[in-house]
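Please read the structure below before turning to the comments.
Keep in mind that the numbers below use all heavy atoms, side chains included, and drop hydrogens, waters and symmetry copies. All chains are named by letter (A, B, ...) in the order of the sequence lines, taking the proteins before the strands, and each is independently numbered beginning at 1.
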Protein chains: 2
Amino acid sequence: MVTVHDVAARSGVSIATVSRTLREPHRVSDDTRDRVLAAVDELGYRPNRAASSLRRGRTGVIALVVPDIENPYFASMTKGAQVMCRERGYELVVVDTSERAEIEDEEVRVLRSQIDGLILASSRLSDERLAEVAETTSCVLVNRSLESHAPGTPTVTIDEGAAAALAVAHLYGLGHRRIVYVGGPSRSWSQARRAKGIETAAHERDGLELIQLRDCVPTSDGGREVAEKVLALGPTAVIGYNDLVALGLLAQWTESDIRVPGHVSLIGFDDTFVTGLVTPPLTSVGADLRVVGDAAVELLIERIDGVSTSSHLIHRSIQPQLAVRSSTAPPAARR
Amino acid sequence: MVTVHDVAARSGVSIATVSRTLREPHRVSDDTRDRVLAAVDELGYRPNRAASSLRRGRTGVIALVVPDIENPYFASMTKGAQVMCRERGYELVVVDTSERAEIEDEEVRVLRSQIDGLILASSRLSDERLAEVAETTSCVLVNRSLESHAPGTPTVTIDEGAAAALAVAHLYGLGHRRIVYVGGPSRSWSQARRAKGIETAAHERDGLELIQLRDCVPTSDGGREVAEKVLALGPTAVIGYNDLVALGLLAQWTESDIRVPGHVSLIGFDDTFVTGLVTPPLTSVGADLRVVGDAAVELLIERIDGVSTSSHLIHRSIQPQLAVRSSTAPPAARR
DNA sequence: TTGAAAGCGCTAACAC
DNA sequence: GTGTTAGCGCTTTCAA
């Protein structure tokens with residue numbers, strides 16, 4: 001292992017100067033800088049991060065805690081965070097909690113001394129525990145807010161209300177007047193917002209009937225399970241809690257020779273890459289998840305660096321977009 | 001921040017005893033241990049990892065480098081690695097290189113002083129560079145071998161030959177005699193094995209015609225692009241380079257009213273979760289990727305800990321399985 | 001502009 | 001079984 005001492009010896013300066021050259025190059029004479037950097041290069045020196053962390057009280061590491069890295073939703077978010085971290089010179093540790101609150105809790109504890117900050121995505125922790133964490137660690141919440149317990153905690157949220165409105169407006173514009181929303185887990189933060197947003201948007205429109213289902217398992221199998229029941233409700237269009245649910249509905253219907261969008265239109269939430277995998281490609285509404293990951297990292301770094309709160313919003317709301325594909329069309333003429 | 005000193009003061013022992021209690025509990029009297037652990041608990045003490053790393057020369061961190069975390073293939077592998085790491089008390093850093101060799105190269109350099117070991121999945125680095133890395137860092141290769149340059153480097157590979165044989169046997173068994181293989185990028189390690197495996201398996205069977213395509217872009221769009229061309233070759237069954245390609249073929253065919261498996265049977269590689277998202281669900285062949293991730297971590301930890309090489313195989317080959325779903329069936333009777 | 005030196009918190013000899 | 005102590009490699013006063 002190459003240390004500051006080796007570099008110092010090689011370039012004929014003290015170890016302090018080596019360190020200074022790397023951290024504060026402007027405080028070193030041109031000549032010295034050149035020699036030190038040359039030595040660094042020749043020896044392939046890289047500062048030992050453990051030593052640096054210990055001394056500076058900073059690790060240069062950010063942790064991103066997600067419920068399930070196999071979920072395309074979090075995979076995309078991770079990608080965004082990763083890219084932004086690299087850009088800003090931080091290392092990213094990704095932790096997968098398998099949707100389990102206890103694991104999340106334990107990981108957060110273990111991580112604490114090893115990181116400069118924490119991004120909790122779709123956290124399963126209670127408001128109380130979350131507030132504790134936010135107090136002891138720089139952290140950013142994604143898809144969650146803590147208005148009551150710790151309003152000062154930065155958050156990145158997707159404007160689910162806007163997303164819902166987009167979906168409803170699209171369907172209404174096509175002429176649909178009877179829509180079923182296949183809702184996700186009642187406890188889910190996103191489900192609450194999506195349901196409410198859809199309800200509100202539906203109310204605003206004349207002659208629009210909305211039927212809500214609840215507690216559909218948020219996977220494609222979950223969608224398959226309720227496919228028949230949904231159809232029995234007689235909608236001309238269906239909104240799925242997320243893309244996976246929508247794909248499940250689509251798959252099951254296709255097997256029963258129900259045509260999409262001929263018989264029913266279908267729209268999903270999140271606009272993940274799976275929308276492009278099927279026929280017809282799924283219309284979906286959602287934010288660019290990489291942007292969400294990006295924003296979370298940026299916000300966290302601001303907090304870590306103690307950038308003044310007022311200059312940038314502490315609560316970032318990401319606007320969703322509607323990606324119109326082939327699973328939505330005007331309703332078939334009623335017989 | 002709570003340190004050993006605080007715990008020592010609280011429990012009336014020296015800092016050495018605190019450290020010992022945590023690292024080597026058996027070398028401490030029952031009474032002392034109880035008191036120290038109580039203090040640890042009350043104060044919420046967690047050893048500072050930077051300090052520990054610096055002193056021990058070990059970080060307790062493993063890095064997993066993947067080309068693209070959004071790819072379900074690597075996401076699943078990551079999941080497996082993550083679980084195994086937690087089990088063994090290591091932290092996992094996931095790095096996404098965006099399929100770029102330069103980024104991979106740079107990351108490997110930066111990471112070196114911060115980790116105990118490295119898992120390179122589907123590395124884009126040259127054999128030469130890879131050999132260099134393997135020399136200076138404990139590392140495990142996934143989907144790659146280094147027989148010529150550094151045969152001592154542990155590897156985890158999937159038995160692609162066996163996978164190919166499984167696919168061919170399945171189709172042959174159903175009665176297919178004219179099969180098209182839609183191959184992936186020529187430079188890809190997996191493509192080479194899969195193509196060769198399919199070829200070999202096909203040769204062994206009487207009356208089986210095999211047509212190989214090459215350099216299909218390994219995404220669903222790639223599959224869509226070649227869908228028509230593939231069909232023009234007149235196969236009764238098609239094997240896609242991976243699930244995404246197969247799904248692209250399927251989507252495009254469905255849009256042209258070509259029935260699967262009625263008109264052609266279709267089979268994918270990797271058996272990722274996307275096989276269940278479509279209609280008909282895709283028959284696919286592949287290893288359990290979580291097992292691959294698991295195995296890589298295990299092998300790496302053995303190497304880190306210097307477990308004798310002879311006791312465990314250094315090269316682990318994971319056996320694939322065939323998951324028969326609905327996209328394969330006997331060929332339609334020829335007219 | 002540079003160097004000497006003090007530690008960051010922890011672990012592992014070594015001494016008792 | 002327990003305590004004393006010397007650093008791990010680095011950054012950062014402080015003094016020159």
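The shortest distance between side-chain heavy atoms of B/Ile69 and A/Ile69 falls below 4.5 Å.
A/Ser19 comes within 4.0 angstrom of a base, heavy atoms only. Backbone-only engagement by B/Val13 is indicated by non-hydrogen atom pairs under 4.0 Å involving sugar-phosphate atoms exclusively. Heavy atoms of A/Val28 sit under 4.0 angstrom from primed sugar atoms or phosphate atoms, though from no base atom.
Look at CE on B/Met1: it is 7 Å from P on C/dG9, rounded to the nearest Å. The interatomic distance linking A/His26 (NE2) with C/dT2 (P) rounds to 13 Å, in whole Å. Atom CG in A/Asp116 sits roughly 19 Å away from atom P in C/dC8 (whole-Å rounding). One can place CD1 of A/Ile15 at 11 Å from P of C/dA5, the figure rounded to the nearest angstrom. As a whole-Å value, the separation of B/Arg20 CZ from C/dC10 P is 15 Å. Atom CZ in B/Arg58 sits roughly 19 Å away from atom P in C/dC10 (whole-Å rounding).
One finds no side-chain N or O of B/Thr3 lying less than 4.0 angstrom from the OP1 or OP2 phosphate oxygen of C/dC8.
Nucleotides of DNA chain C nearest to B/Arg23 and A/Ala16 differ in position, and the one nearer the 5' end is that of A/Ala16.
Residues A/Asp305 and A/Arg58 are paired through a salt bridge, judged by an N-O separation under 4.0 Å between the basic side chain and the carboxylate. A salt bridge links A/Glu132 with A/Arg129: at least one charged nitrogen is closer than 4.0 Å to a carboxylate oxygen. Ion pairing between a basic and an acidic side chain is recognised when a charged N comes within 4.0 Å of a carboxylate O; B/Arg124 and B/Asp105 show no such pairing.
Looking at A/Asp116 and A/Thr59, their side chains do bring a donor and an acceptor atom within 3.5 Å of each other.
Within residues 33-57 of chain A, the residues that place at least one heavy atom under 4.0 Å from DNA chain C are, in residue-number order, A/Leu54, A/Arg55.
Under a cut-off of 6.0 angstrom, the local environment of CD in A/Gln319 is crowded, with over 12 non-hydrogen atoms contributed by other residues, nucleotides or ligands. Applying the 6.0 Å contact sphere to CD of A/Glu102 captures more than 12 heavy atoms from other residues, nucleotides or ligands. Other residues, nucleotides and ligands place no more than 12 heavy atoms under 6.0 Å from the CD atom of A/Glu147. Atom CZ of B/Arg46 is surrounded by more than 12 heavy atoms from other residues, nucleotides or ligands within 6.0 Å.
Taking five base pairs at each end of the helix from C/dT1-D/dA16 to C/dC16-D/dG1, the local helix axes there meet at an angle of 30°, rounded to 10°.
At distances below 3.5 Å, not a single donor-acceptor pair connects side-chain atoms of A/Arg303 with backbone N or O atoms of A/Pro154. In this structure, B/Thr137 contributes its side chain and B/Cys139 its backbone to no donor-acceptor pair below 3.5 Å.
The span of DNA chain D lying next to chain A, judged by atoms under 4.0 Å from heavy atoms, is bounded 5' to 3' by D/dG9 to D/dT13.
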